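What follows is one structure encoded as structure tokens, with my remarks underneath.
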Amino acid sequence: MPVEPLSRTEIEARLAELPGWTLAGDRLTRAYRLDSHVAAAAMTVHIARVQDELDHHSDLTLGYNTVSLSVHTHSAGGAVTAKDFELARRVEDLASAHGAH
Ligand SMILES: C[C@H](O)[C@H](O)[C@H]1CNC2=NC(N)=NC(=O)C2=N1
């Protein structure tokens with residue numbers, strides 16, 4: 001089933017439920033800080049598993065004690081869709097178990 005671009009109003013309403021996530025251009029983004037580089041690497045692996053499960057993939061960057069995500073929906077012409085918010089919600093739900101903040 002094709003996913004439709006969300007309106008700006010809908011994006012802002014959904015972002016209100018996801019503290020720390022922002023709209024940067026046409027992408028949802030968030031950066032997390034962790035207590036160590038290995039903890040950050042472990043979180044990226046966990047996110048990669050979720051992304052394969054959802055068949056939806058962010059640009060996922062491992063930094064020094066940081067994990068950063070940037071996502072939009074290629075099949076919707078690069079717009080933000082419900083799939084992006086589904087991924088963001090799943091990442092938020094796993095973040096605290098990794099000590100991410
Ligand atoms: C064939 C497969 O469903 C597509 O390539 C998926 C994979 N992951 C994806 N990820 C993102 N961010 N957007 C997509 O449109 C997308 N499409």
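Keep in mind that the numbers below use all heavy atoms, side chains included, and drop hydrogens, waters and symmetry copies. Order of listing sets the numbers, starting from 1, for every ligand and every atom in it. Treat the numbers as computed from the prediction; the structure is a model and nothing was measured.
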Does some side-chain heavy atom of Val67 sit less than 4.5 Å from a side-chain heavy atom of Arg33? no
OH on Tyr64 to CG on Leu34, rounded to 0.5 Å: 12.0 Å
Evaluate the side-chain proximity of Asp35 to Asn65: yes if any heavy-atom separation is below 4.5 Å, no if none is. no
Can you produce the list of protein nitrogen or oxygen atoms under 3.5 Å from a nitrogen or oxygen of ligand 1, alongside each distance?
unit_1, atom_1, unit_2, atom_2, d
ligand 1, 3 (O), Asp55, OD2, 2.5
ligand 1, 8 (N), Asp55, O, 3.4
ligand 1, 8 (N), His57, ND1, 2.9
ligand 1, 10 (N), His57, N, 3.1
ligand 1, 12 (N), His57, O, 3.0
ligand 1, 12 (N), His72, O, 2.8
ligand 1, 13 (N), His74, N, 3.1
ligand 1, 13 (N), His74, ND1, 3.2
ligand 1, 15 (O), His74, N, 3.2
ligand 1, 15 (O), Ser75, N, 2.9
ligand 1, 15 (O), Ser75, OG, 3.3

Cationic tip of Arg30 within the cone over Tyr32's six-membered ring, i.e. under 6.0 Å and within 45° of the normal? yes
Lys/Arg-Asp/Glu bridge criterion (N-O < 4.0 Å) met for Arg90, Glu86: no
Look up atom CG in Leu69 and atom CD1 in Ile47, then write down how far apart they are to the nearest 0.5 Å. 4.5 Å
